[in-house]
Amino acid sequence: MSEPRGNALRETLEAGEVALGVLENTYSPTAVELLATIGVDFVWIDLEHGGPSPWDGERLEALLRAADGTDTELLVRVADTDPALVRKALDAGVRNVFLPRVGSAEELERAVRAGRFEYDGEPGRRGLASPRARRWGLTDDYVGSEDESVVVGVTVETAAALEDLDDILAVPELGFVFIGPLDLSVSLGHPGELDHDEVADAVETIRSAAVDADVPVGGLGFGMDDVNEKAANGYQLLNIGTTTGALQSSVTGWLEEYDG
């Protein structure tokens, strides 16, 4: 029998430490492998805005295998709050899932419950089978180890979620809250205006409420000065850039240094 796999990202969050990651927006196993070799804490795979179908387990498994044997975890944002998508990702071997565009605590709780065999003293809604997450039936204590290692988080990025924030933060087994300022600016009627007072106030409301509720906070880093400031201000999960952004920056710099 094989040993259950832990979750380095969950351990980092539970220890109150900061995890840094990169959005891998080329959906390439080679890029995931490179980022894992470099040693980022997580690689963000976003199935909401691009990439393969969220139902394409084979593509997802290839991305997961690229980080196997390392301390780098995949952080997968599924395309919807459908509990079936949560179960699909977890069965493929994902340990860290987060949800887009949640509108209420009730909607969030259904999705979080779908990721657990036991939930808040009651039966969960995770399916008991022998998928890749169970190493096709070879993992010892599959039920217990999964519930101890899986993380399901939520993106707070709508006005509706903002209004239901206290109840969202009180959802049992919520792994983290990721602040989505871009979609939040759209929902609040100020698309792209991240410096607008209403948007900035909403971001701070989410951050401070999550810190007070002892729920880990995640967000986007807009340059390393911003990353360092956010880490000092209670953020524990920070995306520091994208694969394409890093490539663009490097190649542009090389071209600008050419003397010809």
Side-chain angles (χ1 to χ4, degrees), residues 1-11 13-14 27 29 32 42-49 51-69 72-155 167-168 170-178 215-216:
M1 303 292 283
S2 65
E3 292 294 322
R5 191 171 85 88
N7 184 344
L9 182 58
R10 176 166 173 163
E11 293 169 7
L13 297 179
E14 289 180 345
Y27 304 92
V32 172
F42 66 89
V43 176
W44 175 6
I45 303 295
D46 186 7
L47 301 182
E48 180 191 9
H49 293 297
S53 162
W55 300 106
D56 190 344
E58 187 174 353
R59 287 284 303 279
L60 192 53
E61 288 176 7
L63 294 167
L64 286 159
R65 288 190 183 99
D68 275 356
T72 297
E73 298 284 346
L74 259 62
L75 176 61
V76 176
R77 180 159 67 179
V78 292
D80 190 33
T81 60
D82 183 348
L85 286 175
V86 174
R87 288 189 288 263
K88 180 73 172 180
L90 296 180
D91 282 353
V94 175
R95 290 290 179 270
N96 307 283
V97 171
F98 73 122
L99 310 163
R101 307 191 65 78
V102 166
S104 69
E106 182 181 1
E107 182 182 12
L108 171 61
E109 184 172 324
R110 285 196 298 269
V112 177
R113 187 185 296 270
R116 297 185 64 83
F117 293 106
E118 297 181 10
Y119 182 74
D120 196 29
E122 299 177 350
R125 296 289 176 83
R126 181 88 184 263
L128 187 55
S130 297
R132 181 176 183 272
R134 197 177 187 177
R135 292 298 183 260
W136 299 279
L138 297 178
T139 298
D140 289 324
D141 189 24
Y142 175 58
V143 169
S145 64
E146 284 291 286
D147 279 356
E148 290 174 2
S149 65
V150 162
V151 172
V152 179
V154 61
T155 317
D167 286 342
I168 283 173
V171 168
E173 304 297 342
L174 176 61
F176 61 87
V177 166
F178 195 96
V215 175

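As a basis for the values below, the full set of heavy atoms in this structure was taken, side chains included, without hydrogen atoms, waters or symmetry mates.
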Inset, instruction - Give me the one residue out of T72, L64, I45 that meets side chain to side chain contact (heavy atoms under 4.5 Å, CB included) with V32. - result: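 Going through the options one by one, the only one that passes is I45.
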Legend entry - Residue of the set V86, L75, V151 for which side chain to side chain contact (heavy atoms under 4.5 Å, CB included) holds with F98: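 Exactly one candidate clears the test, L75.
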Nearest-0.5 Å distance that lies between atom [atom1] in [X] and atom [atom2] in [Y]:
X    : Y    : atom1 : atom2 : value
L47  : L85  : CG    : CG    : 9.0 Å
D91  : E146 : CG    : CD    : 8.0 Å
D68  : E61  : CG    : CD    : 10.5 Å
E73  : E11  : CD    : CD    : 8.5 Å
R87  : R116 : CZ    : CZ    : 14.5 Å
R134 : D140 : CZ    : CG    : 10.0 Å

Using every non-hydrogen atom in the two residues, find where [X] and [Y] come nearest and quote the distance to one decimal.
X   : Y    : answer
N96 : L74  : ND2-O, 3.3 Å
V94 : L90  : O-CD2, 3.3 Å
P54 : K88  : O-CG, 4.1 Å
P29 : A62  : CB-O, 3.9 Å
L60 : A89  : CD2-CA, 4.1 Å
R95 : A133 : NH2-O, 3.8 Å

Inset, instruction - Decide yes or no for R126 and V150: does some side-chain heavy atom of the first lie under 4.5 Å from some side-chain heavy atom of the second? - result: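 Side-chain contact under 4.5 Å: yes.
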Inset, instruction - Might you work through the side chain to side chain contact (heavy atoms under 4.5 Å, CB included) test for L63 and V43, ending with a clear yes or no? - result: CA-CA 10 Å; L63 294 167; V43 176; over 6 Å; no
Legend entry - Worked verdict on L99 versus V78 for side chain to side chain contact (heavy atoms under 4.5 Å, CB included): CA-CA 6 Å; L99 310 163; V78 292; 3.8 Å; yes
Legend entry - Crowding at CD, E118 (>12 non-hydrogen neighbours, <6.0 Å):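 Not more than 12 within 6.0 Å, no.
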Inset, instruction - Answer yes or no: does atom CZ of R125 have more than 12 heavy-atom neighbours from other residues, nucleotides or ligands under 6.0 Å? - result: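 Check fails, neighbour count at 12 or below.
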Inset, instruction - Run the numbers on Y27 and D46 for side chain to side chain contact (heavy atoms under 4.5 Å, CB included), then give the verdict. - result: CA-CA 9 Å; Y27 304 92; D46 186 7; 4.1 Å; yes
Legend entry - Pairs involving residues 111-141, ordered by first then second residue, that meet ring-ring contact (aromatic ring centres under 6.0 Å, His included) (sequence neighbours left out):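 Non-adjacent pairs meeting ring-ring contact (aromatic ring centres under 6.0 Å, His included): F117-Y142.
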Please table the atom pairs, donor to acceptor, closer than 3.5 Å between any side-chain atom in residues 106-115 and protein atoms at least two apart or in another chain.
{"residue": "E107", "atom": "OE1", "partner": "G103", "partner atom": "N", "Å": "2.8"}
{"residue": "E107", "atom": "OE2", "partner": "T81", "partner atom": "OG1", "Å": "2.6"}
{"residue": "E109", "atom": "OE2", "partner": "R113", "partner atom": "NH2", "Å": "3.1"}
{"residue": "R113", "atom": "NH1", "partner": "E122", "partner atom": "OE1", "Å": "3.3"}

